[in-house]
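Just below is one structure, and these are the notes that go with it.
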Amino acid sequence: MSLANREYQEKRNFIRMRVDTPIQMVLEADGERFEGKCRDLSGGGLLVELATALPVGTRARISIQSSHGHSPMLEAIALVNRVETQLDTTEQPCLIGMEIEELIR
């Protein structure tokens with residue numbers, strides 16, 4: 001299907017896949033570590049649930065593990081583009097939209 005034939009909200013360069021898998025993040029600036037859940041993944045970015053909001057512009061090395069034993073499934077450098085607060089949960093109250101800048105493996 002061409003991009004022109006898709007509904008407006010689906011006009012993206014990459015299709016998103018729902019993955020719901022653990023993610024580890026290490027901030028480039030200070031080495032601080034975070035663990036959360038990767039909700040969806042595409043060729044250009046990902047959506048992560050974290051307990052802590054990260055500032056837009058933060059760069060992190062991300063590592064996503066496979067539920068099928070492949071370790072790691074993805075390692076990359078990603079940039080925080082968007083932060084949303086989920087008021088209906090206390091476990092992982094922040095949604096972090098990230099752009100993949102560099103694939104490591």
Side-chain angles (χ1 to χ4, degrees):
M1 173 186 305
S2 75
L3 290 178
N5 293 338
R6 293 191 208 163
E7 294 292 327
Y8 178 77
Q9 64 270 22
E10 290 297 324
K11 288 184 182 176
R12 301 176 179 275
N13 290 331
F14 301 99
I15 301 298
R16 289 183 182 189
M17 297 178 297
R18 186 146 178 99
V19 292
D20 287 326
T21 190
I23 184 170
Q24 292 79 42
M25 300 171 60
V26 179
L27 303 187
E28 281 195 338
D30 60 10
E32 188 173 1
R33 296 177 176 273
F34 295 91
E35 291 188 7
K37 184 195 302 188
C38 180
R39 288 183 55 180
D40 64 42
L41 178 65
S42 76
L46 59 156
L47 183 65
V48 177
E49 287 184 355
L50 284 181
T52 305
L54 298 176
V56 171
T58 299
R59 280 193 170 73
R61 182 179 185 126
I62 61 163
S63 179
I64 300 172
Q65 302 302 314
S66 168
S67 60
H68 302 290
H70 302 99
S71 181
M73 180 175 80
L74 172 72
E75 272 193 78
I77 302 298
L79 177 70
V80 174
N81 283 5
R82 175 175 54 93
V83 179
E84 294 179 20
T85 302
Q86 300 183 95
L87 299 176
D88 60 343
T89 181
T90 57
E91 187 173 319
Q92 300 286 359
C94 297
L95 290 176
I96 312 288
M98 302 185 80
E99 176 185 354
I100 296 172
E101 292 190 323
E102 176 186 351
L103 292 175
I104 297 170
R105 50 175 156 157

Hydrophobic clusters here meaning ILVMFWY residues chained together by side-chain heavy-atom distances under 4.5 Å, can you tell me if L50 and I77 are in one? no
Can you tell me how far apart CZ (R61) and CE (M25) are? Round to the nearest 0.5 Å. 13.0 Å
Give the cluster check for V56 versus I100: same hydrophobic cluster or not, with ILVMFWY residues linked at side-chain heavy-atom distances below 4.5 Å. yes
To the nearest 0.5 Å, what is the distance between OG1 (T58) and CD (E32)? 10.0 Å
Work out which heavy atom in A53 is nearest to a heavy atom in C94; give both atom names and the distance. N-SG, 3.5 Å
Are V48 and L103 linked, directly or through intermediate hydrophobic residues, by side-chain heavy-atom contacts shorter than 4.5 Å (ILVMFWY only)? yes
Here the gap from L27 atom CG to R33 atom CZ, rounded to the nearest 0.5 Å, amounts to 10.0 Å
Could you state the interatomic distance from CD1 (I62) to CG (L79), rounded to the nearest 0.5 Å? 11.5 Å
Less than 4.5 Å apart, side chain to side chain, heavy atoms only: is that true for L46 and I23? yes
Can you find a pair of side-chain heavy atoms, one from L95 and one from E49, that are under 4.5 Å apart? yes
Measure the spacing between OG of S42 and CE of M17 and express it to the nearest 0.5 Å. 7.5 Å
Between M98 and L54, does a side-chain contact (heavy atoms from CB on, under 4.5 Å) hold up when you go through it step by step? CA-CA 11 Å; M98 302 185 80; L54 298 176; 5.6 Å; no
Which of these passes side-chain contact (heavy atoms from CB on, under 4.5 Å) with C38: I96, L47, V19, D20? V19
Straight-line distance of E75 CD to E102 CD, nearest 0.5 Å: 11.0 Å
